[in-house]
Protein chains: 2
Amino acid sequence: MNIDNLNWKILKCLQQNARQSNAEIGRQVGVSSPAVSERIKKMEDLGVIQGYNTLISPFEIGYQLKAIITMRAFMGKLKPFLEKVKTYDEIVNCYRITGDENFVMEVVLKNQKHLELFIDQLIVYGETKTQIVLSHVVKQKELKPII
Amino acid sequence: MNIDNLNWKILKCLQQNARQSNAEIGRQVGVSSPAVSERIKKMEDLGVIQGYNTLISPFEIGYQLKAIITMRAFMGKLKPFLEKVKTYDEIVNCYRITGDENFVMEVVLKNQKHLELFIDQLIVYGETKTQIVLSHVVKQKELKPII
DNA sequence: AATGAAATTGTATAAAT
DNA sequence: ATTTATACAATTTCATT
């Protein structure tokens with residue numbers, strides 16, 4: 001899809017605050033609200049916009065620990081893990097990657113005990129490496145047009 | 001903050017689609033729209049809700065590559081990198097982590113050449129390890145209440 | 001802390017350019 | 001593809017419980 005300047009402005013608004021009204025976006029980008037509405041709908045239909053999320057502070061709702069867990073699946077366990085991975089509430093994001101390791105996951109946990117129990121579940125599928133998150137230095141940075 | 005059952009239901013709705021109206025959420029959870037509005041506002045003020053994002057497909061807008069880059073900062077380069085990291089448009093997320101390595105980043109890139117140029121910028125600050133993302137197996141999974 | 005009602009604002013649709 | 005007009009829906013504010 002060719003994303004023109006106006007669509008980029010709309011995407012910028014939506015990335016900053018997805019809950020803004022179309023009328024408010026229209027005011028910021030200089031078109032009417034039906035124009036905004038139609039362009040957003042088209043970008044949704046074409047898969048440019050994949051959804052609207054709410055960012056929740058894991059800490060505030062009781063998840064005291066965040067970790068990055070990298071996993072190298074055991075022989076024959078990659079496919080079973082691909083099925084299982086969707087069922088873990090702890091895994092917020094999981095990427096399949098190239099290299100020695102097969103998966104990198106962003107996980108949220110209540111405490112150390114929860115981490116231990118969670119790793120115990122993973123080691124059925126592969127060898128894991130756990131890195132505890134100290135801080136979120138760059139958070140869901142907005143995507144910009146490619147020059 | 002103590003998040004009661006009703007707030008959890010509201011958060012569930014907002015996580016599924018942040019652009020739903022308060023009236024629509026109210027219908028789903030069984031309260032009036034001013035009640036939804038007030039509870040959302042309180043959760044925003046208390047930092048439980050940190051914002052509303054739009055999920056954009058990097059591929060559709062011309063970022064053909066996604067990578068996970070892990071970095072071990074050189075002596076004396078950790079603090080300078082903490083300043084610099086916010087300025088890179090390629091870095092969508094960056095976590096500071098425990099262990100041998102200091103940062104793990106999720107980056108979006110146009111192509112291989114862009115990746116090469118980007119890594120050239122990073123190696124001023126530290127030693128990097130790049131893992132190319134093959135697929136996004138679990139995508140921004142919704143946070144659930146802790147039992 | 002939630003509701004109901006009134007005023008304001010936003011959305012959706014259709015007709016026109 | 002966008003605007004304007006219009007009918008309908010949602011939001012905000014506030015009095016009430």
Side-chain angles (χ1 to χ4, degrees), chain A residues 1-63 140 142-147, chain B residues 1-63 140 142-147:
Chain A
M1 193 205 183
N2 188 34
I3 297 171
D4 63 12
N5 224 318
L6 181 53
N7 274 352
W8 270 115
K9 286 183 188 168
I10 293 169
L11 286 177
K12 189 180 160 82
C13 289
L14 283 175
Q15 286 184 92
Q16 280 163 7
N17 176 13
R19 263 176 89 80
Q20 282 178 99
S21 70
N22 295 341
E24 178 57 37
I25 294 168
R27 260 174 247 124
Q28 287 176 52
V29 306
V31 288
S32 65
S33 75
V36 173
S37 168
E38 204 180 355
R39 277 168 172 268
I40 290 177
K41 199 189 171 322
K42 198 165 278 174
M43 289 194 281
E44 287 170 354
D45 291 345
L46 288 167
V48 175
I49 294 174
Q50 298 194 313
Y52 306 99
N53 276 117
T54 296
L55 244 99
I56 293 172
S57 166
F59 183 80
E60 294 292 333
I61 60 171
Y63 290 102
Q140 288 292 130
E142 71 180 61
L143 292 178
K144 287 187 183 169
I146 293 171
I147 315 115
Chain B
M1 191 206 183
N2 188 33
I3 297 170
D4 63 13
N5 224 319
L6 181 54
N7 274 352
W8 269 115
K9 285 182 189 171
I10 292 169
L11 287 177
K12 189 182 163 80
C13 289
L14 284 175
Q15 286 185 93
Q16 281 163 6
N17 175 13
R19 260 175 93 79
Q20 280 179 99
S21 70
N22 295 339
E24 180 55 39
I25 295 169
R27 262 173 244 126
Q28 286 176 53
V29 306
V31 289
S32 66
S33 75
V36 173
S37 170
E38 204 181 348
R39 277 170 172 267
I40 290 177
K41 200 188 171 324
K42 196 163 279 174
M43 289 193 282
E44 286 169 356
D45 292 344
L46 289 168
V48 175
I49 294 174
Q50 298 193 315
Y52 306 99
N53 275 116
T54 296
L55 245 98
I56 293 172
S57 165
F59 182 81
E60 294 291 333
I61 60 172
Y63 291 103
Q140 288 293 131
E142 71 181 60
L143 293 177
K144 288 189 182 167
I146 294 172
I147 315 114

Novice: Using a 3.5 Å distance criterion without hydrogens, assess whether the side chain of B:E44 forms a donor-acceptor pair with backbone atoms of B:Q50.
Specialist: no
Novice: What string of B, S and - do you get for nucleotides 12-17 of chain D 5' to 3' if you count protein non-hydrogen atoms under 4.0 Å?
Specialist: BB----
Novice: Starting from the first five and the last five pairs of the helix from C:dA1-D:dT17 to C:dT17-D:dA1, work out the angle between the resulting helix axes, to 10 degrees.
Specialist: 30°
Novice: Can you pull the side chain to side chain donor-acceptor pair (under 3.5 Å) pairs that have at least one residue in residues 54-63 of chain A, sequence neighbours excluded?
Specialist: none
Novice: Say whether, by atom type as modelled, one donor and one acceptor occur between the side chain of B:Q15 and the main chain of A:N53 under 3.5 angstrom.
Specialist: no
Novice: Starting the side chain at C-beta, find the nucleotide from C:dA2, D:dT4, C:dG10 nearest to A:R27.
Specialist: C:dG10
Novice: How close do B:E142 and B:K12 get, heavy atom to heavy atom, and via which atoms?
Specialist: OE2-CG, 3.4 Å
Novice: Of all the choices, D:dA10, C:dA2, D:dT3, which nucleotide is nearest to the side chain of B:A23 once you look at every atom?
Specialist: D:dA10
Novice: With a non-hydrogen cut-off below 4.0 angstrom, is A:I40 in contact with a base, only sugar-phosphate, or nothing?
Specialist: nothing
Novice: Examine distances only and state if a side-chain atom of B:R39 and a backbone atom of B:I10 form a donor-acceptor pair shorter than 3.5 Å.
Specialist: no
Novice: Could you check whether any side-chain N or O of B:Q28 sits under 3.5 Å from a backbone N or O of B:I25, counting only pairs where one atom can act as donor and the other as acceptor?
Specialist: no
Novice: Scan residues 49-57 of chain B against DNA chain D and write down, sorted by residue number, each residue with any heavy atom closer than 4.0 Å; if none is found, say none.
Specialist: none
Novice: List for me each residue that meets salt bridge (charged side-chain N to carboxylate O under 4.0 Å, His left out) alongside B:K41, sequence neighbours excluded, and say none if there are none.
Specialist: B:D45
Novice: Begin with the C-alpha distance, continue with both residues' side-chain angles, and end with the deciding distance and a verdict on side chain to side chain contact (heavy atoms under 4.5 Å, CB included) for B:Y52 and A:L14.
Specialist: CA-CA 8 Å; B:Y52 306 99; A:L14 283 175; over 6 Å; no
Novice: Taking salt bridge (charged side-chain N to carboxylate O under 4.0 Å, His left out) as the definition, give me every residue that meets it alongside A:K9, ordered by chain and number, with sequence neighbours left out.
Specialist: none
